[in-house]
Amino acid sequence: MSAATITKAKRLIVKIGSALLVDDESGKLHQAWLDAICEDIAEAHARGQEIVIVTSGAIAIGRGPLGMRGKKLRLEEKQACAATGQMRLTQAYQNTLDRHGITVAQVLITLDDTEDRRRYLNARNTLDTLLKLRAVPVINENDSVATAEIRFGDNDRLAARVAQMISADTLVLFSDIDGLYTADPRSNPDAKLVPEVRDVTPEIEAMGGTPSEHGSGGMITKIMAAKICMGAGCRMAIAPGRQMRPLKALIEGGRCTWFLPAAEPRAARKSWIAGSVQTLGVITVDDGAVNALKNGKSLLPAGVMEVSGDFERGDAIQVTAKDGTVIAKGLSAYAAEDIRAIKGHKSDAIEKVLGYRGRSEIIHRDDLVVGA
Ligand code: GLU
């Protein structure tokens, strides 16, 4: 992989592990390291790239202020530490990125948010909007409210889910693990770094060891994150984060392991829509809309004639022409009931009819597969 992999990424997610950010002994933030990575982030932002930070560290930072340093924490104590640590964590990013004139926005996510369709779309829209406004979202798991059953527990998979959710093209996992090795480099002097993985085979999975050996956030969770990314068309790197300016080091050809997907995010998303999603309704559209869809446009309310089925926002639906021919399949931005109310209207009338201002499109072209 070349330097351009990072500099040409449109939507880049940088995941920062606790061990890099917080000193184990004192519980204090490594401010000099944070200053350095924020320089990297500011440079990427100045290049016009969209940057998202997924960061750990809330629990580690929150220990000190609550007098919990050095103790083994129960789940509810971790959640309490996260509650006070999280605000300090985001504030640290804001204070540091302020020097570069960058606005930070905190988004806390639970597993539910990535699995429930409606919440998934809401989170995605918020992140899209923040990125359009040139803010840098700082994301962590919502540790204070997520219970054991609904936690990610590790930010590697959280970062991969976010990548999938916002169709990011590149995710870099910075931690004290600097890549995938053929064996454990701590015990095996012959262990070699694997520079590139195009398919997560059982052999590759075996290189992650067993979960009990590495615990949460270890190699195995990184490989699981890679699988999610590759399915979503996002390339992912496991890269060393301990040095100063780790992103710069990577751009300059530093060692790491790249996991490379076969397709781009848009194509991967479309094949997911075409292949695996069951449709819950049908929209019949007029000839003008059929032409527009075939020309790669979004479906607007003006072209909708009929709606059948009972579906929610985010559900998959079919689009047919007047004669019943199936034209496309896509994810609806509105519930069936709402489309019945706005069909035939111009997009700027949506707010008046529904009483709220939703999206201008019934199905956005990114969520639409023509001919499926
Ligand atoms: N969300 C946790 C925190 O901020 C960390 C999870 C992880 O390290 O992967 O402290």
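Treat the numbers as computed from the prediction; the structure is a model and nothing was measured. Order of appearance sets the numbers: ligands from 1, and atoms from 1 within every ligand.
For ligand 1 and D154, the ligand atoms under 4.0 Å from any heavy atom of the residue are 9 (O). Distances below 4.0 Å separate heavy atoms of D143 from the following atoms of ligand 1: 1 (N), 2 (C), 3 (C), 4 (O).
Of the N or O atoms in T55, none lie within a sub-3.5 Å distance of an N or O in ligand 1. The shortest N or O to N or O distance between D156 and ligand 1 is not under 3.5 Å. The shortest N or O to N or O distance between G57 and ligand 1 is below 3.5 Å. Inclusion of E141 in the set of residues having an N or O under 3.5 Å from an N or O of ligand 1 is not warranted. Residue N140 has at least one N or O atom closer than 3.5 Å to an N or O atom of ligand 1.
When heavy-atom distances to ligand 1 are checked against a 4.0 Å cut-off, L89 has no atom that comes that close, whether in backbone or side chain. If you look at I59 next to ligand 1, the close heavy atoms, those under 4.0 Å, come from the backbone and the side chain alike.
Of the listed residues (I166, V14, V136, L171), just one forms a side chain to side chain contact (heavy atoms under 4.5 Å, CB included) with V52, and that residue is I166.
Between R99 and D35, at least one side-chain N (NZ, or NE/NH1/NH2) sits under 4.0 Å from a carboxylate O, which counts as a salt bridge. Note on K28 versus D23: no salt bridge recorded, every NZ/NE/NH1/NH2 to OD/OE distance being 4.0 Å or above.
For the residue pair P246 and W33, the shortest heavy atom distance occurs at CG-CZ2, 4.0 Å.
Taking a 6.0 Å sphere around CD of Q31, one finds it holds more than 12 heavy atoms contributed by other residues, nucleotides or ligands. Counting non-hydrogen atoms of other residues, nucleotides and ligands closer than 6.0 Å to CD of E337 gives a total of 12 or fewer.
A donor-acceptor pair is defined here as one N or O able to donate and one able to accept, closer than 3.5 Å; such a pair exists between the side chain of T257 and the backbone of L180.
Under the 4.0 angstrom criterion for non-hydrogen atoms, A82 is not in contact with ligand 1.
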